[in-house]
There are 2 protein chains.
Amino acid sequence: MPELSLSRRSGGGRSPTSRDIARELDVSQSTVSRALNGGSVAEATRARVIEAAARRGYVVNAAARELVTKKSGLVGVVVADITNPFYPELVEAIGARLAEAGKTMLLATIGVTDDEVARVRLLLEHRVDGIIFTSTQVDSTAIPRLASDDFPLVLVNREVDGVEADAIVGDNVAGATAAAEYLLGLGHRRIALITGDARTSTSRDREAAFVRSLEGAGVRLAHRVEAGFDQRAAFSAALELLGGTRPPTAVMCVNDLIAFGVLNAARRLGIDVPGGLSVVGFDDIPMASWDAIGLTTVRQPISRMAEEAVAVLERRVADDGSEFERHLLPCELVVRSTTGVPGTTKGKV
Amino acid sequence: MPELSLSRRSGGGRSPTSRDIARELDVSQSTVSRALNGGSVAEATRARVIEAAARRGYVVNAAARELVTKKSGLVGVVVADITNPFYPELVEAIGARLAEAGKTMLLATIGVTDDEVARVRLLLEHRVDGIIFTSTQVDSTAIPRLASDDFPLVLVNREVDGVEADAIVGDNVAGATAAAEYLLGLGHRRIALITGDARTSTSRDREAAFVRSLEGAGVRLAHRVEAGFDQRAAFSAALELLGGTRPPTAVMCVNDLIAFGVLNAARRLGIDVPGGLSVVGFDDIPMASWDAIGLTTVRQPISRMAEEAVAVLERRVADDGSEFERHLLPCELVVRSTTGVPGTTKGKV
DNA sequence: CTGTTAGCGCCTTCAC
DNA sequence: GTGAAGGCGCTAACAG
């Protein structure tokens, strides 16, 4: 049964329409439509329609359907930093949930050099039922406009300045606090923080909570470096930091990719981890748990994020007026082998 | 200028149509259409239309346009293994090229448990102009059907059994051969190969070429392990392989993720790399070049792949009848620090 | 240059 | 249970 077939020449032409199959069966086009969509039709008729549709490779035209129903079944998903393995995971999970909900994901990757507004506009042209934004900067220009128009959107793992919208976020505060307390408990006092892009709510929130937590214990941050969100930038920043005078005994990183950069720098400098340096990340991307890495990090509940994002969006699409939901998902500190008591050089090298 | 605005209640209702703005300006709807699409219109009129459209937040309805033009501007991109960092890179690159070409990417991630046919069908419902398949298995069921219907599709980094279609592939044969010769030249004679999923053309081709190359030098493969495509499976497979009797002095891996698994296993087992074991990967994903890893691997030209995939697809969409194109892109061996002369234990530990 | 006229493929009343 | 008719928003001739 060729359920797939958008022949261009086979079968003599364009892909068949519901009218085509109606003609063949000598029924009306609306009967075909009903038969295929679960309307009330005699079972015998329905069977014939379904058979013919399958045989001819009929596939409904989403555009035509949308024109009348005003629902595209499309959901826009916006990702900025797809280079960070956290996002593919998240996108994958969102796509899966969306598919379960019978929706299709229209993905827009918006790099730093891309025109955010233009990309979002494309999504809008396709009349996406809503948009899920991940990894967006706090100063996004498209989001506030959309929000002020009551367009259904949900922010995942991000918040945007001055925007009221549904949001699904990991508990960055609790996560960063746990990391700080853990480091403090280990005895670290000379602690550095490497942040990512400051225009990002995750980086900001994690930093604030971390710093606050240290200060609560009377410890001041020894160093603060802003390194962007990728491994490369973090690597060179860490090289400088760790090679300087009075280097820290522990480094907190605002995400795992940055932590890897620090680990690489330590390796290059011959610094033993965790004997000479403890490193903590954030996200718990797959690599973090690899044997040769074993990064201590704060785990974000990716699949729950995806699940809730889709659920909330569906609710928002269905009901315009309800209160905005803000879901704070628990993050958990996962202790592995990049952290230890300062000054020990048992090391694992 | 609110170029973005699909208000649901602001402005009192649904998003404006071209007819709405025509009424406001007291011109015909077709004039609006022409003004916005570069048709021949008096400059003064065009200016007024553009102003009004921007002010009202008009966004064309892609579905309506598609219905008449029969072009959706959508291109389907299918990815199976988005967990392998190679694919996000590729997808990102493809998305960027597509955007340049004025097209939008409709991404379908098809996991092992997903119904491939159903997912592709969704793409078809949205009348994608064509589909770019990456990381598909040789026994795909959807692809042959599509191909036999002359549906525009291009295979990237994969080929499918018995299917005639445009394809963009790295030169797996040359790459694997270069790796084999390099290892042989270093003096390795007890060499293992870890493959991924056998149903995948890349794995198959790389294996065949590697083995042939060894045999050309009178060397038989010491071990052959099939481990699936992810780090985890490779890790346990490598643990067994390296812990066994007469372990190899070198391991060729069919992709980088597998190589990382081997590296992790070696680390766990206390085997020095490259002193006690040489490891070679394939793909050259970003992590491979990280300082602490320094994986010797065969580089695939990701951005060229993306570029050509989009170019070929465009050609195919425009012209049905032309010969299928098959582009073989050069792959280059990148020597880093996981390979060396066997038996040395200078190591880098 | 600009307005009028046809649909594109489908869903949805409304009659029968 | 089924058919006829209308129209979603837009582009593309075709006249003026």
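Letters A, B, ... are given to chains in the order of the sequence lines, protein chains preceding strands, and every chain is numbered from 1.
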Exercise for the section: Could you check how far CD of Glu43(A) sits from P of dG1(D), rounded to whole Å? Expected result: 10 Å
Practice task
Remember a base hit wins even if backbone is also touched, and classify Thr17(B) as base, sugar-phosphate or nothing at under 4.0 Å, heavy atoms.
Solution key: sugar-phosphate
Handout entry: Nearest-nucleotide pick for Ala42(A), side chain only, options being dA12(D), dT12(C), dT2(D)
Key = dT2(D)
Handout entry: Ala64(B) side-chain proximity, nearest of dT2(D), dG3(D), dC10(D)
Key = dC10(D)
Practice task
Whole angstrom is fine here: how far is it from CG in Leu67(B) over to P in dG9(D)?
Solution key: 12 Å
Handout entry: Residues Asp129(B) and Lys103(B) bridged, charged N to O under 4.0 Å
Key = yes
Practice task
Assign Thr31(B) to base, sugar-phosphate, or nothing according to its heavy-atom contacts below 4.0 angstrom with the strands shown.
Solution key: sugar-phosphate
Handout entry: Rounded interatomic separation in angstrom, taking NZ from Lys71(B) and P from dG9(C)
Key = 14 Å
Practice task
Would you state whether a donor and an acceptor, one from the side chain of Arg34(A) and one from the base of dG3(D), lie under 3.5 Å apart?
Solution key: yes
Fill in the blank from the handout: Assert: residue with more 5' nearest nucleotide on DNA chain C, out of Thr45(B) and Asn61(A), is Thr45(B)
Handout entry: Pair Lys70(A) + Glu66(A): basic N to acidic O under 4.0 Å
Key = no
Problem - Basic-acidic side-chain contact under 4.0 Å: Glu307(B), Arg304(B) - result: no
Handout entry: N/O donor-acceptor pair under 3.5 Å between Arg48(A) side chain and Leu25(A) backbone
Key = yes
Practice task
Flag the pair Arg97(B) and Glu92(B) as a salt bridge only when some basic side-chain nitrogen lies within less than 4.0 angstrom of an acidic carboxylate oxygen.
Solution key: no
Exercise for the section: Please determine, for the side chain of Val68(B), which listed nucleotide (dT2(C), dC10(D), dC10(C)) has the closest atom? Expected result: dC10(D)
Exercise for the section: Calculate the interatomic distance between Arg23(A) atom CZ and dA4(D) atom P; express it in whole Å. Expected result: 13 Å
Practice task
Classify the nucleic acid contact of Ser18(B) as base, sugar-phosphate or nothing, counting any heavy atom under 4.0 Å across all strands shown.
Solution key: sugar-phosphate
Practice task
Decide if atom CZ of Arg19(A) counts as having more than 12 heavy atoms of other residues, nucleotides or ligands within a radius under 6.0 Å.
Solution key: no
Practice task
Write down the distance between CG (Leu124(A)) and P (dG9(D)), rounded to a whole number of angstrom.
Solution key: 15 Å
Completion exercise
Atom CG of Leu25(B) and atom C1' of dG3(C) are separated, to the nearest Å, by 15 Å
Completion exercise
Walking DNA chain C from its 5' end, the first of Ser28(B) and Arg19(A) to be reached, judged by nearest nucleotide, is Ser28(B)
Practice task
Classify the nucleic acid contact of Glu66(A) as base, sugar-phosphate or nothing, counting any heavy atom under 4.0 Å across all strands shown.
Solution key: nothing
Problem - Leu36(B) CG - dC1(C) C1' separation (whole Å) - result: 17 Å
Completion exercise
From the candidates dC10(C), dA12(D), dC10(D), the one with an atom nearest any side-chain atom of Ser30(B) is dA12(D)
Practice task
Starting from P on dG9(C), measure out to CD on Gln29(A) and report it in whole angstrom.
Solution key: 11 Å
Practice task
Could you check whether Ser33(B) gets within reach of a base, just the sugar-phosphate, or nothing at all, counting any heavy atom under 4.0 Å?
Solution key: base
Exercise for the section: State whether Lys70(A) places a side-chain N or O below 4.0 Å from either non-bridging phosphate oxygen (OP1 or OP2) of dC11(C). Expected result: no
